[in-house]
Every structure is written in structure tokens, then in C-alpha cells.
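So the structure is just underneath, and the comments pick up after that.
Atoms within a ligand are numbered from 1 in the order they appear, just like the ligands themselves. What you are looking at is a predicted structure, and each value in this text was computed from that prediction instead of being measured.
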Amino acid sequence: MTKPALTLYLAAPRGFCAGVDRAIQIVEMALGKWGSPVYVRHEIVHNAHVVNGLRAKGAVFVEELDECPDDRPVIFSAHGVPKAVPAEAARREMLFVDATCPLVSKVHIEAERHHANGLQMIMIGHAGHPETVGTMGQLPEGEVLLVETVEDVARVEVRDPEKLAFVTQTTLSVDDTAGIVAALKARFPAIVGPHKEDICYATTNRQEAVKAMAPHCDAMLVVGAPNSSNSKRLVEVGRRAGCPYAQLVQRAADIDWRALDGIGSVGITAGASAPEELVDEVIEAFRARYEVTVELVETAKENVNFKVPRVLREPAGV
Ligand code: SF4
């Protein structure tokens, strides 16, 4: 039986960003340097495949520091941690390595700088997301107010509208955030903040590629984890950009083939924490069912690299 033809649009850039790459490298190098177990507070990046792979090599994932012994190294995830966490690790004289993405650390520094200048902070982010918890935890309780929507901006109660600054989560929807920033500036004209927002290059680039690809696709699949903020945003961006069916899949086994019945084109991308091997697996699943022609939709080239912390670049015993 001949297979039906399918055009498979492949977004570029997609998948791993420099912060995720560095965080994984940190865990692997820590295991190489200090042996197992190495403890990791919170999923190092939001991807079960990556986490399971590191677990098999000897990483132990925990939610809180009190689950770690004092005498084994602990790594903090790419999303960042509240200040109290490294402070507690230092108090316990633990060996810890911070895998917070440098672009998240930059937001932490911004928040601290504004606070030092006497400004109250507003954070645009998702309640409960580890990055939001980490950024809000850079300042004393109550100093950072969270807004998630334009409606929240109308409701938020501030100390002094003349003394305000804002920061954002790095993995938000660029378009939604622009609306929230505009609402903040309309209600609090004196508010200070970054030039646009703090959304990182990887989030922006992956959303741009999806916008370019979505109008050509009958369906779109985003390879990513259900707890990955930037992956979920890619699904939303795809739908809004005109793709009638956009879904998040963790891997090929999650594809709902019945929902794809009759399609002639599909777009594929991956969130910043999804490894390329899972994208390959999805492409192979399409090749098994269709006569596939792959077309790359490239909207940017990335060459960002972040160094791992010095402690891991030094030989063991240092
Ligand atoms: S998505 Fe952006 S902020 Fe998050 S780890 Fe990647 S580069 Fe860093």
C-alpha cells in the first residue's frame, strides 16, 4: 500500500537552549568529578527523558534541600532558586553548584538592583512555576508582587505607584507579555523595567519560528513536557498563528493519529528542554505512516553558549 504524502515543516531553532545544555552538563560533570550520588534539587530541566537519563547515571532528584545529606554535592536547577536555598546549603556546609541559567540570574540581579533603589517589584510570571518562586525569593517576602494577566494589573495594590519596577519570567508568551507590560505602563506611568521584557532569546526565537510555520500547517506538534512553560507557550502561539490543531507531545507514543487523519502538512518544534532525539523519534513515526518531505522553517540562527561554573572546570580535589 502506498503511503499518503505529507509535508513536514521543521522549526528552527527548536529544542535545547544554552541554559538547558549547561544545566545538563553541570550534572554530568558533577557526577564525573564527585561520583554518585549527586543530588539535584528540583528537576534540573523540565523533561522526564532528560531527568531519567541523569537518574540512571547516579543523579538523585529531590524537591527540597532537607532531603539531601550534608556530605554529598547538590545542584540547583536551571530555573533558579530563592536566596534562602543556597544560604541554607552554606549554613550546612554543603558542596553546592548553582545551575541557574545565566539569563535567569540576570533577572535576579535586576530585581535586587531595583529593590536596593527603593522600588517595589512587580513580576510578570506564572504562580508556582519554579522560576517565579526563585525570582520572587531573591527579595524579602512581600517585596515582589506577582501578576499573571492584564486583569491582575488592574487589581494589584502597590505601596507607591511612583516607586515601582517590573521583571518577567524568561519563558512567557512574547505577545501576551507585551499586553501586560502595556497595561502596567498605562496604570503606573513611572514604572521602570527592562527595554521590553526579560523573555530570553531561546523563548523568543522558538515562538518566532512557530509563527512563521503555523499558517502553513494543518497540524502542529510541540515536543515538550506538560510542566515546561516555554513548550506550552509554543502550543498557544501555534494556535493563535493559525494552525487549527496544535498539541504538546512528550514523545512519539503520545501522538493522537486519529486526530491527524487526512492532514497534508504537519509542523514540528520542540521546547527548550526537549532533546533532539525525541524530535527524531516523532519524525520517524511520521515516516512510518507517510511519504514525508521535510522542509526547514528557519527564522534565526543561535550560537549562544554558557560556561559551566569554575568548580567543575577544575580537577577533582580542588
Ligand atoms: S529557556 Fe531561556 S532562560 Fe530558560 S534555561 Fe533556556 S536560555 Fe535560560
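When the shell of 6.0 Å around NZ of Lys196 is examined, it contains 12 or fewer heavy atoms from other residues, nucleotides or ligands. The neighbour count for Asp261 CG, taken as heavy atoms of other residues, nucleotides or ligands under 6.0 Å away, does not exceed 12.
Ligand-side atoms of ligand 1 in range of Cys17: 1 (S), 5 (S), 6 (Fe), 7 (S), range being under 4.0 angstrom from any heavy atom. Remark: ligand 1 atoms within the under-4.0 Å shell around heavy atoms of Cys101 are 3 (S), 5 (S), 7 (S), 8 (Fe). Near Cys200, with a cut-off below 4.0 Å to any heavy atom, the atoms of ligand 1 are 1 (S), 2 (Fe), 3 (S), 7 (S).
Judged by the 6.0 Å and 45° rule, Arg289 forms a cation-pi pair with Trp257.
Note on Val85: it does not cluster hydrophobically with Ile75, by side-chain heavy-atom contacts below 4.5 Å among ILVMFWY residues.
Summarising the contacts of atom 4 (Fe) of ligand 1 with Val20, Thr170, Val107, Val45, the nearest heavy atom is found in Thr170.
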